[in-house]
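What follows is a single structure, written as structure tokens, with notes after it.
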Number of protein chains: 2
Amino acid sequence: MKIGELAKRSGCSIQTIRFYERQGLLSKPKRTEANYRSYGKALLDELIFIKQCRSLDISIKEIETLIYNKNNPEQSCSSVNKLIDEHICQVNEKIKELSSLKLTLEQMAQSCDANKTIKECGILSELTGS
Amino acid sequence: MKIGELAKRSGCSIQTIRFYERQGLLSKPKRTEANYRSYGKALLDELIFIKQCRSLDISIKEIETLIYNKNNPEQSCSSVNKLIDEHICQVNEKIKELSSLKLTLEQMAQSCDANKTIKECGILSELTGS
DNA sequence: TCTTGACTCTATTCTAAGTATAGACTTTAT
DNA sequence: ATAAAGTCTATACTTAGAATAGAGTCAAGA
Ligand SMILES: [Zn+2]
Ligand SMILES: [Zn+2]
Ligand SMILES: [Zn+2]
Ligand SMILES: [Zn+2]
């Protein structure tokens, strides 16, 4: 199949597919005589794997590592488990940060309920004087 | 004061200060004879305002708008209030996304508790077969 | 056969908010 | 006088793609 069909089947955009290839993440496909990319099922599966990982916010560098792992099936999977654990930590951190930010923003919003002028705006005065 | 002291007093790095100036966010300071930037209290306050906003994840473009508002104190502050409300919405969205991601990651982590080989790894098999 | 539209190609630029250099110049302290 | 610390500009790098320009290719209809 050509890149347009791969895009439809995988749900990735054409530019994203070419980007993954440039990054060395997705294997280079064969080319037709006209230099069009020509994909088979194996590359579709590669791409779906990449997409799964990205949907979990696993970075491209980390996906490289995971692909390397997949190609060495006899080794221990402890690094894979560790990678996921670290992601969970990061997500927890981020949720904490955002919850705190949310609280601050909501308090700030309450300090100016009605429409006032800029110079009377409770929000701006909170932002100005710390 | 020179840029190093401004950096210490504001908590921004020197590069960040110069970056804000290049972006037109922080006013250009006077220069000494040797072309060193020379700041006064007014610019320190400007920078602190910018830092407050950034700590609430308000973008540089939005800070530009807020600064424009501050310079027109007789106008209505409704756009300021709206900006904050929109931020609260965005933060809520992001928290939802992350909570869902967290759940997925935790379930995935449970699918491989012990150290196995890569080919037996529950995490990798979940990532591979969707 | 010609043409039109849809598809693909590479290469380059852009995004956000900084961070990190290199190479030159100035100021301060010893 | 010299060395260390501070400052200057300009440039490149970071993430994960998105967007574009200009050229080439393919299939269908007139
Ligand atoms: Zn990660
Ligand atoms: Zn207000
Ligand atoms: Zn915003
Ligand atoms: Zn495992």
Side-chain angles (χ1 to χ4, degrees), chain A residues 1-26 28-39 43 46-67 83 86-87 90-91 94 97-98 101, chain B residues 1-26 28-39 43 46-67 83 86-87 90-91 94 97-98 101:
Chain A
M1 78 193 97
K2 283 183 286 186
I3 198 169
E5 197 187 337
L6 185 71
K8 266 180 207 151
R9 286 215 214 171
S10 67
C12 296
S13 78
I14 290 176
Q15 297 101 299
T16 298
I17 294 170
R18 291 199 277 239
F19 170 73
Y20 288 157
E21 181 184 328
R22 264 200 321 281
Q23 298 301 110
L25 206 57
L26 183 63
K28 288 181 196 269
K30 288 176 217 142
R31 298 290 184 127
T32 68
E33 282 186 7
N35 201 33
Y36 283 16
R37 290 170 178 83
S38 174
Y39 296 94
L43 285 197
E46 268 191 36
L47 182 54
I48 287 172
F49 176 76
I50 294 168
K51 205 189 176 211
Q52 275 284 327
C53 291
R54 287 295 307 131
S55 78
L56 298 174
D57 221 24
I58 295 174
S59 75
I60 285 182
K61 251 180 202 163
E62 288 167 333
I63 297 174
E64 272 177 21
T65 307
L66 289 178
I67 290 174
L83 191 153
E86 281 169 3
H87 267 274
Q90 282 169 23
V91 170
K94 195 75 194 169
E97 278 175 33
L98 287 179
L101 176 56
Chain B
M1 79 190 96
K2 283 182 285 185
I3 197 168
E5 197 187 337
L6 185 71
K8 266 180 208 150
R9 286 217 215 169
S10 66
C12 295
S13 77
I14 291 176
Q15 296 101 300
T16 297
I17 294 170
R18 292 199 278 240
F19 169 73
Y20 289 156
E21 181 185 329
R22 265 200 320 279
Q23 297 302 111
L25 206 56
L26 183 64
K28 287 180 198 269
K30 288 176 218 140
R31 298 288 184 128
T32 67
E33 283 186 7
N35 201 32
Y36 282 17
R37 291 171 176 83
S38 173
Y39 297 94
L43 285 196
E46 269 191 36
L47 183 54
I48 288 172
F49 176 77
I50 293 167
K51 203 186 177 213
Q52 274 285 327
C53 291
R54 288 293 308 131
S55 78
L56 299 173
D57 221 24
I58 295 173
S59 73
I60 285 180
K61 253 180 200 163
E62 288 167 333
I63 297 173
E64 274 177 19
T65 307
L66 289 178
I67 290 174
L83 192 153
E86 282 170 4
H87 267 273
Q90 282 170 25
V91 170
K94 196 74 194 171
E97 277 175 35
L98 288 179
L101 176 57

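We use all heavy atoms of the structure for the numbers below, so side chains are in, but hydrogens, waters and symmetry mates are not. Here is the naming used below: chain letters follow the sequence lines, and residue numbers restart at 1 for every chain.
Put simply, the side chain of A/Leu66 reaches to within 4.5 Å of the side chain of A/Leu83, judged on heavy atoms. In this structure, the side chains of B/Glu62 and B/Cys53 stay at 4.5 Å or more apart for every pair of heavy atoms. Within the 4.5 Å cutoff, the side chain of A/Tyr39 has no heavy atoms near those of the A/Arg9 side chain.
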Next on the checklist: For a side chain to side chain contact (heavy atoms under 4.5 Å, CB included) check, start with the C-alpha distance between A/Leu25 and A/Phe19, then their side-chain angles and the critical distance, and finish with the verdict.
Outcome noted: CA-CA 9 Å; A/Leu25 206 57; A/Phe19 170 73; over 6 Å; no
Item to check | Evaluation steps, side chain to side chain contact (heavy atoms under 4.5 Å, CB included), between A/Leu6 and A/Leu43 | outcome: CA-CA 9 Å; A/Leu6 185 71; A/Leu43 285 197; 5.7 Å; no
Next on the checklist: Would A/Lys94 and A/Glu97 count as a salt bridge (charged side-chain N to carboxylate O under 4.0 Å, His left out) here? Give the steps.
Outcome noted: CA-CA 5 Å; A/Lys94 195 75 194 169; A/Glu97 278 175 33; 3.6 Å; yes
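In this structure, A/Lys61 does not pair ionically with A/Glu64, as no charged nitrogen and carboxylate oxygen lie closer than 4.0 Å. One finds no salt bridge joining B/Lys2 and B/Glu5 here, because no Lys/Arg side-chain nitrogen approaches an Asp/Glu carboxylate oxygen to under 4.0 Å.
Expressed to the nearest 0.5 Å, how far NZ of A/Lys51 lies from CD1 of A/Ile17 amounts to 10.0 Å.
Distance A/Lys2 NZ to C/dA6 P: 15 Å, rounded to the nearest Å. As a whole-Å value, the separation of A/Ile3 CD1 from C/dA6 C1' is 15 Å.
Residue A/Ser13 comes nearest to A/Ala7 through the heavy atom pair C-CB, 4.4 Å, listed as atom of the first residue, atom of the second, then distance.
Heavy-atom distances under 4.0 Å link DNA chain D to A/Ser13, A/Gln15, A/Thr16, A/Phe19, A/Tyr20 of residues 7-23 of chain A, given in residue order. For DNA chain C, the residues of residues 29-38 of chain A within the heavy-atom distance limit of 4.0 Å (strictly under) are A/Arg31, A/Asn35, A/Tyr36, A/Arg37, sorted by number. Contacts between residues 53-64 of chain B and DNA chain D, defined by a heavy-atom separation below 4.0 Å, involve no residue at all.
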